[in-house]
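Notes follow once the structure below has been shown.
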Protein chains: 2
Amino acid sequence: MERRRGAELEAGLLDAAWDELMESGYSALTMEAVAARAKTGKQVLYRRWKNRAELVLAAMRHRTGSITDDVPDTGSLRSDVLAVLQRMADRFESIGPDVIHGLLAEAPDLDPEVFTRMSPVMATIVRRAAARGEIPTADLPARVLTAPANLLRHEMLLTRGPLSEETLTSLVDDVFLPLVT
Amino acid sequence: MERRRGAELEAGLLDAAWDELMESGYSALTMEAVAARAKTGKQVLYRRWKNRAELVLAAMRHRTGSITDDVPDTGSLRSDVLAVLQRMADRFESIGPDVIHGLLAEAPDLDPEVFTRMSPVMATIVRRAAARGEIPTADLPARVLTAPANLLRHEMLLTRGPLSEETLTSLVDDVFLPLVT
DNA sequence: GACATAAGAGACGCAACGTCTCTTAGAAGC
DNA sequence: GCTTCTAAGAGACGTTGCGTCTCTTATGTC
């Protein structure tokens with residue numbers, strides 16, 4: 001019988017975890033099921049991640065890359081912000097609210113890092129807009145800079161179901177743009 | 001041996017649940033422990049609430065009344081909004097983030113209602129401010145009306161630990177007031 | 001070819017779930 | 001005041017999944 005090792009095995013484990021996540025959701029995901037799906041034993045999982053939350057987080061990271069990788073640059077502030085929000089929404093939709101809630105509930109300290117990435121992205125977008133002369137200054141309160149992403153995240157976490165196109169535009173047109181011009 | 005019944009018993013059960021919640025947090029709260037603390041059997045709990053989430057939600061409602069009961073009316077828009085946010089924060093602090101996350105994770109549909117109460121409160125505050133001539137119009141996008149409460153909620157749910165005084169004033173001075181004047 | 005390491009498999013004890021059964025207290029009806 | 005019915009109090013029960021542990025054996029290293 002052939003045995004996988006190292007990176008190949010690890011990728012198999014994370015894929016199995018992800019598939020299980022998609023099929024059963026977070027709360028119904030069991031270490032046993034992940035091990036079985038990966039055709040291995042529980043110990044192989046516990047040797048790498050100390051609990052469900054860490055395994056799931058690793059599986060998520062393995063699937064979806066970092067959102068900060070490239071900052072949208074469409075030539076207009078409005079569509080840059082919309083693009084970045086849309087990217088957040090897509091990402092979130094592929095993961096689902098249950099997973100996030102599960103993680104937040106089970107991993108008390110694990111994730112602050114996951115939710116603070118947006119600030120530099122917005123800073124870049126705003127700096128470019130100021131350079132283009134679209135807005136008077138790029139020197140905005142942090143609170144304003146993070147407001148759109150935070151409101152979107154709030155929306156996604158507290159209302160199940162997909163969010164409407166209108167939500168994104170309203171966030172930008174009713175809240176963000178009035179604050180920066 | 002004396003047996004409690006009806007409302008008296010129910011209050012005892014909810015108090016026991018609340019105490020257990022304060023002592024152990026949500027995830028460590030067990031039906032067994034609540035029953036033991038209330039000096040009764042599990043069946044008495046299951047006869048009333050069909051799971052942990054419902055029991056905890058009932059215990060919360062039993063403790064803290066509705067936030068919509070009276071709308072602050074201090075004579076100034078700024079301090080009205082600050083007052084209402086402060087009230088949210090106090091309430092939240094007495095409950096703690098773990099409980100909310102636990103509920104959100106375990107009760108898929110239970111609570112949307114809990115999180116939409118703030119809108120009418122803000123509407124009233126803004127209407128009064130417009131009547132006083134503080135702001136040009138009370139006819140604001142829903143998104144603006146709910147922004148302060150939503151941002152505060154986002155903050156409380158995603159950053160553990162107590163929030164600073166500064167957070168509240170920044171929410172009002174950097175975001176809300178600029179949007180309504 | 002010998003050896004160390006970790007994979008694969010599953011047994012184990014534990015905790016809590018939610019259901020069930022049983023006895024008996026206390027409220028309601030006659 | 002006696003009967004009757006409902007639900008309280010208590011705990012046994014089977015089930016599930018956790019996280020630990022032990023054991024054999026495949027595979028890479030020296």
Side-chain angles (χ1 to χ4, degrees), chain A residues 1-59 62 98-99 101-103 105-108 110, chain B residues 1-59 62 98-99 101-103 105-108 110:
Chain A
M1 179 196 303
E2 215 172 275
R3 281 182 187 178
R4 292 170 299 178
R5 297 225 158 196
E8 186 199 351
L9 173 59
E10 189 143 332
L13 300 175
L14 292 173
D15 285 344
W18 179 263
D19 291 346
E20 204 61 30
L21 205 55
M22 293 300 99
E23 214 172 287
S24 321
Y26 184 87
S27 56
L29 176 145
T30 72
M31 298 300 256
E32 249 120 7
V34 173
R37 188 187 279 261
K39 293 191 199 312
T40 182
K42 288 197 283 182
Q43 195 59 34
V44 174
L45 296 176
Y46 282 108
R47 204 171 284 139
R48 291 173 171 73
W49 304 282
K50 69 173 199 292
N51 51 45
R52 230 166 36 146
E54 295 216 343
L55 167 59
V56 168
L57 203 65
H62 183 242
D98 299 2
V99 177
H101 282 130
L103 282 176
E106 243 172 61
L110 216 54
Chain B
M1 180 196 300
E2 214 172 277
R3 282 184 187 175
R4 292 171 299 179
R5 296 225 159 197
E8 186 198 351
L9 172 59
E10 189 143 333
L13 299 175
L14 292 173
D15 285 345
W18 180 263
D19 292 346
E20 205 61 29
L21 206 56
M22 293 299 98
E23 213 171 285
S24 320
Y26 184 85
S27 57
L29 176 145
T30 72
M31 297 301 257
E32 249 120 7
V34 173
R37 188 187 279 261
K39 292 191 200 312
T40 182
K42 289 196 282 182
Q43 195 59 34
V44 174
L45 296 176
Y46 282 107
R47 204 170 285 140
R48 291 173 170 71
W49 303 282
K50 70 172 198 292
N51 52 44
R52 230 166 37 147
E54 295 216 343
L55 168 59
V56 168
L57 203 66
H62 182 242
D98 299 2
V99 177
H101 282 131
L103 282 176
E106 242 172 63
L110 215 56

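By convention in this document, chain letters (A, B, ...) are assigned in the order of the sequence lines, proteins followed by strands, and residues within each chain are numbered from 1.
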Checklist line | Interatomic spacing from CZ in B:Arg52 to CG in B:Leu21 - rounded to 0.5 Å | finding: 10.0 Å
Notebook entry, point to check: Distance from B:Leu29 atom CG to B:Glu23 atom CD, nearest 0.5 Å?
Noted result: 10.5 Å
Please report, to 0.1 Å, the donor-acceptor pairs under 3.5 Å made by any side chain of residues 4-18 of chain B, with sequence neighbours excluded.
residue: B:Arg4; atom: NH2; partner: B:Ala38; partner atom: O; Å: 2.7
residue: B:Glu10; atom: OE1; partner: B:Arg48; partner atom: NE; Å: 3.2
residue: B:Asp15; atom: OD1; partner: B:Arg63; partner atom: NH2; Å: 3.4

Expressed in angstrom and rounded to an integer, what is the separation of [X] atom [atom1] from [N] atom [atom2]?
| X | N | atom1 | atom2 | value |
| --- | --- | --- | --- | --- |
| A:Arg4 | C:dG8 | CZ | C1' | 11 Å |
| B:Leu9 | C:dG26 | CG | C1' | 13 Å |
| A:Trp49 | D:dC18 | CH2 | P | 15 Å |
| A:Glu10 | C:dG8 | CD | P | 13 Å |
| A:Leu45 | D:dG17 | CG | P | 15 Å |
| B:Lys39 | D:dG11 | NZ | C1' | 17 Å |
| B:Glu8 | D:dA8 | CD | P | 12 Å |

Next item on the list: Describe, as an angle rounded to 10 degrees, how the axis at the first end of the helix from C:dG1-D:dC30 to C:dC30-D:dG1 is tilted relative to the axis at the last end, five pairs per end.
Entry: 20°
Margin query: At less than 4.0 Å, is any side-chain N or O atom of B:Thr40 found next to OP1 or OP2 of D:dA8? Yes or no.
Written below: no
Margin query: Less than 4.0 angstrom between a side-chain N/O of B:Arg48 and OP1 or OP2 of D:dA8, yes or no?
Written below: yes
Notebook entry, point to check: Hey, are the side chains of A:Arg37 and A:Val34 touching, using non-hydrogen atoms and a 4.5 Å cut-off?
Noted result: no
Note to self: Counting C-beta onward and ignoring hydrogens, is there a side-chain heavy-atom pair between A:Tyr26 and A:His101 closer than 4.5 Å?
What the structure shows: no
Margin query: The criterion is side chain to side chain donor-acceptor pair (under 3.5 Å); which residues satisfy it with A:Gln43, sequence neighbours excluded?
Written below: none
Next item on the list: Using the test side chain to side chain contact (heavy atoms under 4.5 Å, CB included), find all partners of B:Ala28 that sit at least two apart in sequence or belong to another chain.
Entry: B:Ser24
Check: Who are the side chain to side chain contact (heavy atoms under 4.5 Å, CB included) partners of A:Ser27, not counting sequence neighbours?
Finding: none
Next item on the list: Sorted by first residue and then second, give each salt bridge (charged side-chain N to carboxylate O under 4.0 Å, His left out) pair with at least one member in residues 26-35 of chain A; sequence neighbours left out.
Entry: A:Glu32-A:Lys42
Next item on the list: For nucleotides 15-24 of chain C, just jot down a letter per nucleotide in 5' to 3' order: B, S or -, based on protein non-hydrogen atoms under 4.0 Å.
Entry: -SBBBB---B
